Amino acid sequence: MENLESDPERGVAFRQFAPTLCVLFPIMSELSKTYTPAEVEERWYAQWIADGAFTADPSRVSDKRPAYSVVIPPPNVTGILTLGHVLNNTIQDILCRRARMLGKEVLWLPGTDHAGIATQNVVEKNLKKQGAIKHRDDLGREGLVEKIWEWKEKHGGIIIQQLKKLGASCDWSRERFTMDPEYSRCVQRVFVDLYKKGQIYRGKRMVNWCPSSLTALSDEEVTMKPQNGTMYHFKVEVIEEPGTWLEIATTRPEVIPGDTAIAVNPKDPRYAHLIGKHVRRPLPLENQAELPIVGDEHVDFTFGTGVLKVTPAHDKADFEIAQRHSLPVIDVMNPNGILNELAGKDLGGMERFAARKRAAELLTEIGSMVKEELYQNNVGYSERADVPIEHRLSEQWFLKYPSVQPSQEVVAKGDMRFFPDRWAKVYDHWMGGLQDWCISRQLWWGHRVPVWTKTITILRFAELGLNEDATAHLTNDFNDWPKDGRNTTSLSLSATTPSELQTKKTFFRLDWDGESREQVIVSALTDCADEAAALNQAGFTQDPDVLDTWFSSWLWPFATMGWPNETADLKAFYPTTDLVTGPDIIFFWVARMIMAGYEYMGELPFKNVYFTGIIRDKQGRKMSKSLGNSPDPLELIASYSADALRFGIMRSAPLGQDIAFDEKNVELGRNFCTKLWNACRFRQMQGGEVESEVNPALLSSDDKWILLRLNTAINEVTTALEEYRFSDATSTLYRFFWSEYCDWYVEASKAVLQGTDDKRKANTVAVIDFVLGHTLRLFHPFLPFITEELWHGMGFNADMPENQGGKSIMFAPWPKPMDADEQAYFGILPEDEKTANDKYETVNLGRGLKSTFNISKKVRFVLKPTTELPAHEIEVIRILLNAEPLDVDAAFAAKKGTPAVLTPLGELFLPLDGIIDVEAERTRVAKELAKVDTELAKVKAKLADENFTSKVPQKVLDEHKHRESDWSAQFEKLKVMLEALG
RNA sequence: GCAUGGAUAGCUCAGCGGUAGAGCGGCUCGUUUACACCGAGUUGGUCGGGGGUUCGAAUCCCUCUCCGUGCACCA
């Protein structure tokens, strides 16, 4: 016992056995009859904050106290808590709380994301609703950004407060926002750095354009949606061959005015001979230009008519064809989706979908339309604005992804693990097909592109290309002046004049027109505010675009920890241990964080990535505002408690699958908390009678059974958590506490507690304390509030060192199962589980008998035992059976027709004097016999089969033989019983 | 089209080569001094269809159907 007590990792475990009970009892505060979660949850959260319980301290990290860290997936700063957040953050909280109990130094770093498009949209919409503005231009850039900051200050805290309600144990002293000054600095620094490395470039490209948000989007922000549309077939005549008509199929007749060619496949025998000839473009009517017929391999001649109209300004593929054939580009649409004057007088000024209808009418009117048919195709939608996107040629900033190879290998090699691991495949697949990332957005809310430009006229190019004006800004170190005919170069300057440009950190670049070489555009990039100001003063203009939100959040794991300085936090907590997030942002965020982590920290940002499922309603539909099927977590907390919500959602969240949310599970969580509360109250009511010594010899079979079941539960929960199987952990807890501890052990313990043997009583109470002390700790990560309340209410804290559970259960040691030595000390053998199980099985059968005969009152049972039973065991069975009395009589001779069942402990009779329904009993026994008969027949048939007995492993054969003898014994006894009934 | 996950009791799911399981629900009892947010009992399934491998298949293989997801995408 001594060595057990002195084990520091053991914690309360064995000290809870007897010796300390007399100490515990006086300081136990009485638990109220009902649990009041709202008050308790508020009180404990405030206490934890006051105690700084969530604050991480990197200086405490050591070999003995390893770091555990998680960065929160930053929610939208103006967002409100959804069930998705509840799921995600409950998991993170469980991981963090368990890590604390394992003695780790835990950092859960919280914060919010500025969420460019979403936030700007919300605020703009709101201002319009209030009538404050009609258009963002009414306020201008500065004004609107100011309004958004105001909004952020007012609403930015909401989701944080909601996370606190949930019990999230984040280190709020480290809360970050992606537009904090230091964070913004990181974003700029990374931009400048990648630019210098040649991985960021500016270019005029076809991009995804959102006509609603009026900005470019990355490929990831576009989702394809199947669409019921119309395929229009129209015909054009080949000018050089009058009478030869080509039929063209299109879904977008409104952009015909933007057509600059007709393309056919040169291998298509139907049309190859027409290449080089011309057709007349039908629209606009006043400008029916001649279009060349070009041959291009891209055209699939098995699709449609095999003739493709080429609209370079409005289609990616067409743009490429245009480039291959040097075709002009005619952009017929304004950024907002309204056709411009180039679309002609009929269509110009019309909204794109109205224009489509009108264009079809025009084609019909001029007799060009051949047919219109219903057609289903996929159309790209802007994920945010939920409108079809346009492909649009525009000047944007692009990033060639860094560090693709290493990060891919890392996942493949298993240096970083994905849970469930199938996401690694998805990740790899995406990494394999990377396109450059369009990172600029035409918005105002976000990190402005840290590039300034100024156009300078060059006077004396020949002598090194710069005039006085230019050299004033750009001096030495021209290391790459273009000798190779390229019209672009980069140069970095170690010093410049004017002196206000402290340019050690400013990076310059020249672009000029390769023909005239008279105009030079000087681009300056800096991540330093002073230099930015100097550039503005020197007449430079900053790029109006902002960066994609994900271009800032991909730095989250290290930019939040003080990068680029080598901070104590980075040293202690980077890379982070776990990342918990939804699979929907695997590309947006996870993959990019991996790349950024590699590029800037030379290391992975996290060791494990857990992907949650997506929360759906009972019908399997995604939660959405428009469907109104998304319950408000705060309301659920108000009705059921945060613990209940956490428990409910974890119970229904199996690894790797979507979650069908059902409020029933939250109700179940609430009920579970109540059960826990009442079970603790039951312990308290045993108050007084306490012995100071535990006597292993006094442990009953029930005690041993529950201790073994506890061991199993500890093992199961521990393994489940290690493997991120949260719902499995939850079901184990549920089963152990409710079905094993409450339903069997507590009931069985009443045999002692209601008896007169004080020594046994004390021992039983000690076992109860042992089990409850462990149970509360096992539950704590899931149910932080009620476990803390009970930990103190039951006085479990009183006996612990302050930093190991004395002050809070969250630092109490995580339960360890008893090892072999400990079990030996208490005389617990594995077979003890069977002893109790046999007893419970006997009780089950007896209860079944009672129920068959519709008896709910106390009633006499007689057991005809096969082995001798100690008095205590008999008393337990009596209590569990609610028998009054339970006679044990080896020589019992039952009257004919007395109901009886065969139990592991012997035959159990329910003597019903005078009211025996022989017929009913005969039916029951006959039914039982029939069942046994079928089972017996099955086993016999197998054993009779040579094929089976000769090929099966010995173990299986033995099992079957054993089964056969069991069934036959039962069969024989039942037969006798049936015969006795006549 | 290419990947990928799933289909087991009314519902949500576990089991993944050797007697089909759990929770919830349903039904029937029950005011036993922790708990009716409770207790006891009980009812539910040719494990999506079809083939195959095996002594033996919900479990392994093939194939089909249906749902979900990702990527690509043709007018």
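It should be emphasised that the depicted structure is a prediction, and the values quoted were computed from it without experimental measurement. Naming: A, B, ... by sequence-line order, numbering from 1 per chain.
Within the nucleic acid shown, A:R681 comes within 4.0 Å of sugar-phosphate atoms alone, with no base atom in reach, counting heavy atoms only. Using a 4.0 Å heavy-atom distance criterion, A:N665 is classed as making no nucleic acid contact. Residue contacts for A:M231: at a heavy-atom cut-off of 4.0 Å it reaches no nucleic acid atom on any strand shown. The residue A:P583 sits apart from the nucleic acid: no heavy atom pair falls under 4.0 Å. Using a 4.0 Å heavy-atom cutoff across all strands shown, A:V307 reaches no nucleic acid atom at all. A:C680 comes within 4.0 angstrom of nothing in the nucleic acid, heavy atoms only. Residue-level contact check: A:V310 touches neither bases nor backbone, having no heavy atom under 4.0 Å from any strand. Within the nucleic acid shown, A:H960 comes within 4.0 Å of sugar-phosphate atoms alone, with no base atom in reach, counting heavy atoms only. When heavy atoms are screened at a 4.0 angstrom cut-off, A:Y734 is found touching the sugar-phosphate backbone but no base atom.
The P atoms of B:C37 and B:G45 are separated by 31 Å, rounded to the nearest whole Å. Nucleotides B:G25 and B:A9 place their C1' atoms 11 Å apart, quoted to the nearest Å. Nucleotides B:U28 and B:U65 have their C1' atoms positioned 41 Å apart, rounded to a whole Å. Separation of the C1' atoms belonging to B:U8 and B:C2 is 30 Å when rounded to the nearest angstrom. Spacing between B:C38 and B:G23 at atom P, rounded to whole Å, works out to 14 Å. Nucleotides B:C74 and B:G6 are separated by 31 Å at their P atoms, to the nearest Å. Nucleotides B:A57 and B:U46, compared at atom C1', are 14 Å apart to the nearest Å. A gap of 25 Å separates the P atoms of B:C61 and B:G68, to the nearest Å.
Paired regions of RNA chain B, where each region holds three or more successive Watson-Crick or G-U pairs whose two hydrogen-bonding distances fall under 3.5 Å, are B:1-7 with B:65-71, B:10-13 with B:21-24, B:26-30 with B:38-42, B:48-52 with B:60-64.
Evaluated for a side-chain hydrogen bond (donor to acceptor under 3.5 Å, both in side chains) with A:D958, the options A:H962, A:H960, A:K961, A:Q954 yield exactly one hit, A:Q954. Only one option out of A:F726, A:W423, A:F418 pairs with A:Y610 in a ring pair (Phe, Tyr, Trp, His ring centres under 6.0 Å); it is A:F726.
Taking 4.0 Å as the cut-off between side-chain N and carboxylate O, A:R735 and A:E740 count as a salt-bridged pair.
Nearest nucleotide to the A:F948 side chain, out of B:C37, B:A34, B:G18: B:G18. Closest to the side chain of A:K664, out of B:G68, B:C24, B:G41, is B:C24. Nearest to the side-chain atoms of A:A317 among the listed nucleotides B:C73, B:A34, B:C74 stands B:C74. Comparing B:C37, B:U32, B:A20 by their nearest atom to the side chain of A:T674 picks out B:C37. Of the candidate nucleotides B:G25, B:G18, B:C71, B:C71 has the atom lying nearest to any side-chain atom of A:F587. Picking from B:G70, B:C74, B:C35 the nucleotide with the shortest atom distance to the side chain of A:K33 gives B:C35. Candidate nucleotides B:U31, B:C55, B:G41 were compared by shortest atom distance to the side chain of A:N947, and B:C55 ranks first. With B:G18, B:A34, B:G41 as the choices, the nucleotide that has an atom nearest any side-chain atom of A:S851 turns out to be B:G41. Distance from the side chain of A:E935 is smallest for B:U19 among the nucleotides B:G18, B:C73, B:U19. Taking every side-chain heavy atom of A:R651 into account, B:G23 is the closest of B:U12, B:G23, B:U19.
The base of B:C35 sits with one of its N or O atoms less than 3.5 Å from a complementary donor or acceptor on the side chain of A:K675. Interface remark: the A:N378 side chain does form a donor-acceptor pair with the B:C73 base, using a distance-only criterion of under 3.5 Å. Judged by atom type and distance alone, A:E747 reaches the base of B:A34 through a side-chain donor-acceptor pair under 3.5 Å.
The shortest distance between the side-chain N/O atoms of A:N844 and the OP1/OP2 oxygens of B:G41 is below 4.0 Å. Residue A:Y232 places no side-chain N or O under 4.0 Å from the OP1 or OP2 atom of B:A75. Side-chain nitrogen and oxygen atoms of A:N377 include none within less than 4.0 Å of the OP1 or OP2 phosphate oxygen of B:C74. For B:A75, one of the phosphate oxygens OP1 or OP2 lies less than 4.0 angstrom from a side-chain nitrogen or oxygen of A:Y375. For the OP1/OP2 pair of B:A34 and a distance below 4.0 Å, the side-chain nitrogens and oxygens of A:K750 include at least one atom meeting the criterion. Listed pair A:K425 / B:G70 fails the phosphate criterion, with no side-chain N or O lying under 4.0 Å from OP1 or OP2. Contact annotation: A:W738 side-chain N/O to B:G39 OP1/OP2 distance is under 4.0 Å. At B:C38, one or more side-chain N or O atoms of A:N671 fall inside 4.0 Å of OP1 or OP2 (strictly under the cut-off).
By the criterion of a centre-to-centre distance under 5.5 Å and near-parallel planes under 30°, the ring of A:F303 forms a stack with the base of B:C74.
The distance from atom CE of A:M650 to atom C1' of B:C13 is 15 Å, rounded to the nearest whole Å. Across the protein-nucleic acid pair, A:Q686 atom CD and B:A34 atom P stand 8 Å apart, rounded to whole Å. If you take NZ of A:K858 and C1' of B:C29, they are 16 Å apart, rounded to a whole angstrom. Atom-to-atom, NZ of A:K850 to P of B:G39 comes out at 17 Å; the value is rounded to the nearest Å. Atom CG in A:D658 sits about 10 Å away from atom C1' in B:G6, given to the nearest Å. The NZ atom of A:K942 sits 7 Å away from the C1' atom of B:U19 (whole-angstrom rounding).
Both A:L668 and A:R422 lie near RNA chain B, and the one whose nearest nucleotide falls closer to the 5' end is A:R422. The nearest heavy atom of RNA chain B to A:E959 and to A:T250 marks one nucleotide each, and the one closer to the 5' end goes with A:E959.
Between A:Y401 and A:W430, the ring planes are perpendicular. Angles over 60° get that label, and only those under 30° would be called parallel.
Remark: A:R709 is not positioned above the aromatic ring of A:F736, lacking an NZ or CZ atom under 6.0 angstrom from the ring centre and at most 45 degrees off the axis.
In the model, A:Y640 has a side-chain atom that pairs as donor or acceptor with a side-chain atom of A:E663 under 3.5 Å. With no hydrogens or angles considered, no side-chain donor-acceptor pair links A:S641 and A:D643 at under 3.5 Å. Residues A:T852 and A:K850 bring no donor and acceptor atom of their side chains to less than 3.5 Å of each other. Under 3.5 Å, the side chains of A:Q227 and A:Y381 contain a donor-acceptor pair of N or O atoms. For the residue pair A:N265 / A:D296, no side-chain donor-acceptor distance below 3.5 Å is found, with atom types taken as modelled.
Residues A:R646 and A:F782 share a closest heavy-atom pair of NE-O, 3.0 Å.
In summary, the aromatic rings of A:Y734 and A:W738 are positioned with their centroids under 6.0 Å apart.
Base orientation of B:G70: anti (glycosidic angle beyond 90° from 0).
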